[in-house]
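All figures in this text were calculated on a predicted structure; none of them were measured in a lab. One is the number of the first residue; the rest follow in order along the sequence.
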Amino acid sequence: MVHGSTSLDVRCDYYRIEDRYSDVLPVSNILWIRTRNLVSCINECHIAADCASIFYGNGLCYGYVRKLHDEVSTTVSIGIKYYEIAGPVGNLAAGKPTTQSSSLDNAAFGPQYAVDSRRYPIQNAPESLRSCSHTEVGGRGDDTPFWEVDLLSRHKITSLSFLSRNECCGERNTGLNITVAETSGGPYVLCSYYPLGTGFVGEMKTFYCIQPLTGRFVRMSRDLPVINACEIEIYGNKLN
């Protein structure tokens, strides 16, 4: 276990730090256990097509074939650092082109903030920390908003993870249609629907497709205002 580890920010266009700790190392899906420094460990996982995440501690690098953040037991004080790699097996949406039906405050909260690889769930943060997208509020011409990402090539999509802001507004995270299309403008096929009802605040919630869908464009839409995402991550496999 790592005690009092110093946080190291190695975020770039290719990987995202999932800055968590774990008391238990998963024993399945291990690719390797190697002696590495942290940056070398991350780089090695990034260039490997079958590596999705790592654990790192005491100079040892543990590579895994899939993302584990939904099943890792965590603590805030002691543990082995866990990092999720954005790459062939990791988050497909990071840094990709995005559009949305409108933007609050003259594009101050544009769609690109939802794929900036920064899980920072505070809407009203200083500009240097701004990390949430936000469509226009209701009554200003956008009562049926959407947010969309272009993955730039065809993928088999299995799930979408949505980080909501932590100050308020959980009701905006209900009635979500998650759809996938081969081309911009559709037709769009339903991946998952999160019904009206119980909202969620400051939470990363994962929606799994009813069945894996093939496409290039992934869209989140509502029949009510607003779409307000602090991070959207998409998982699946790239197709040839």
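Side chains of Asp116 and Ser131: a donor-acceptor N/O pair is present below 3.5 angstrom, by distance only. Side-chain contact of Gln100 with Ser103: a donor-acceptor pair under 3.5 Å is present, judged by distance alone. A side-chain donor-acceptor contact under 3.5 Å links Arg165 and Asn228.
A donor-acceptor distance shorter than 3.5 angstrom exists from the side chain of Ser164 to the backbone of Gly202, with no hydrogens or angles considered. Looking at Arg222, its side chain never comes within 3.5 Å of a backbone N or O of Asn173 through a donor-acceptor pair. Judged by distance alone, with hydrogens and angles left aside, the side-chain atoms of Asn37 form a donor-acceptor pair with the main-chain N or O of Ser40 at under 3.5 Å. Checked by atom type and distance alone, the side chain of Gln112 never pairs as donor or acceptor with a backbone atom of Pro97 at under 3.5 Å.
Residues Ile157 and Leu176 fall within the same hydrophobic cluster, defined by Ile, Leu, Val, Met, Phe, Trp and Tyr side chains chained together at heavy-atom separations under 4.5 Å. Taken together through direct or relayed side-chain contacts under 4.5 Å among Ile, Leu, Val, Met, Phe, Trp and Tyr, Val201 and Met204 form parts of separate hydrophobic clusters.
In terms of the salt bridge (charged side-chain N to carboxylate O under 4.0 Å, His left out) criterion, residue partners of Arg36 (sequence neighbours excluded) are, by chain and number, Glu44.
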Under 3.5 Å, sequence neighbours excluded: what are the donor-acceptor pairs made by side chains of residues 181-189?
from, atom 1, to, atom 2, distance (Å)
Glu182, OE1, Arg154, NE, 3.0
Glu182, OE2, Arg154, NH2, 3.3
Thr183, OG1, Gly186, O, 2.8
Tyr188, OH, Glu148, OE1, 2.6
Tyr188, OH, Gly185, N, 3.3
Tyr188, OH, Arg219, NH2, 3.2

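For the pair Leu60 and Thr35, the minimum side-chain heavy-atom distance is below 4.5 Å.
Using cut-offs of 30° and 60° on the angle between ring planes, the pair Tyr64 and Phe55 is perpendicular.
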